[in-house]
Amino acid sequence: MGVALLVYHFAFKALGIILMLIELWFFLARPIVRELGAWAKLSVHARLNMHTLVTMAVFALLVAALVVPWRGRVDAPALLRSDRQLTLLAAEPGRLVWMVPQAARVAEGEVIYRFESMEVEHEIATAKAKLAAAQ
């Protein structure tokens with residue numbers, strides 16, 4: 001069943017490409033080729049005059065405006081990330097109290113972020129009070 005579906009899939013894609021090429025020929029390329037052929041037949045009777053030269057120059061300028069790049073640089077928004085990047089998630093809600101300055105070198109095991117949690121601080125204070133009361 002899987003092979004038949006795969007063959008059907010590729011045959012359907014090939015049929016789509018063939019139909020696209022037929023449409024491009026009949027609706028785009030063929031009329032342009034016929035029009036250029038008609039112009040070629042009429043051009044033997046036409047004379048070059050100032051109007052023809054101005055029209056050809058304007059057409060050439062329009063084509064050049066579409067083809068020649070006006071800016072030498074392409075601006076595209078992007079985000080540069082390190083190859084070795086980790087996403088850190090805190091187990092408890094809190095606020096960032098301290099972090100290592102940017103571009104600083106850190107050693108293995110060194111603290112790079114310090115968070116403060118009001119809930120954890122409250123639990124520690126409660127546990128210390130219970131320990132003091134129990135002693």
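Not measured: the values here are computed from a predicted model.
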*Within a reach of under 6.0 Å around CE of M20, are more than 12 heavy atoms found that belong to other residues, nucleotides or ligands?*
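More than 12 heavy atoms, drawn from other residues, nucleotides or ligands, come within 6.0 Å of this atom.
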_ILVMFWY network linking I112 to M99, side-chain heavy atoms under 4.5 angstrom_ =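 Cluster IDs for I112 and M99 match.
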*State plainly whether one hydrophobic cluster holds both F115 and V106, where clusters connect Ile, Leu, Val, Met, Phe, Trp and Tyr through side-chain heavy atoms under 4.5 angstrom apart.*
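Shared cluster, yes.
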_Do V63 and F59 make a side-chain contact, defined as non-hydrogen atoms from C-beta onward lying under 4.5 Å apart?_
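They are in contact (side-chain heavy atoms under 4.5 Å apart), so the answer is yes.
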_Is there a side-chain contact between L96 and Y113 in this structure, where contact means two heavy atoms from C-beta onward sitting under 4.5 Å apart?_
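Yes, side chains in contact.
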*Which residue pairs pass the side-chain hydrogen bond (donor to acceptor under 3.5 Å, both in side chains) test with at least one member in residues 26-39, sequence neighbours excluded?*
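Every side-chain hydrogen bond (donor to acceptor under 3.5 Å, both in side chains) pair that includes a residue of residues 26-39, provided the two are not neighbours, is E35-W39.
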*Which heavy atom in P93 sits nearest to a heavy atom in S117, and how many Å separate them?*
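That would be O-OG, 3.0 Å.
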_For V100 against V111, the heavy-atom pair lying closest together_ =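 Closest approach of V100 to V111: CG2-O, 3.6 Å.
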*Reported CD1-to-NZ distance for the pair I17 and K13, which is rounded to 0.5 angstrom*: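 Atom-to-atom, I17:CD1 and K13:NZ are 8.0 Å apart.
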*Report the distance from atom CD1 of I32 to atom CZ of F27, rounding to the nearest 0.5 Å.*
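So the CD1 of I32 and the CZ of F27 are separated by 13.5 Å.
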*Under 3.5 Å: donor-acceptor pair, side chain of T126, backbone of H122*: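 A pair under 3.5 Å: yes.
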*Given L62 and L66, is the side-chain contact (heavy atoms from CB on, under 4.5 Å) satisfied, shown in steps?*
CA-CA 6 Å; L62 287 174; L66 292 174; 5.7 Å; no
_All side chain to side chain contact (heavy atoms under 4.5 Å, CB included) counterparts of I22, not counting sequence neighbours_ =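 Partners of I22 under the side chain to side chain contact (heavy atoms under 4.5 Å, CB included) test: I18, F26.
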*Mind jotting down which residue pairs meet the salt bridge (Lys or Arg N to Asp or Glu O under 4.0 Å) criterion with at least one end in residues 108-134? Sequence neighbours excluded, please.*
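Matches after skipping sequence neighbours: R95-E116.
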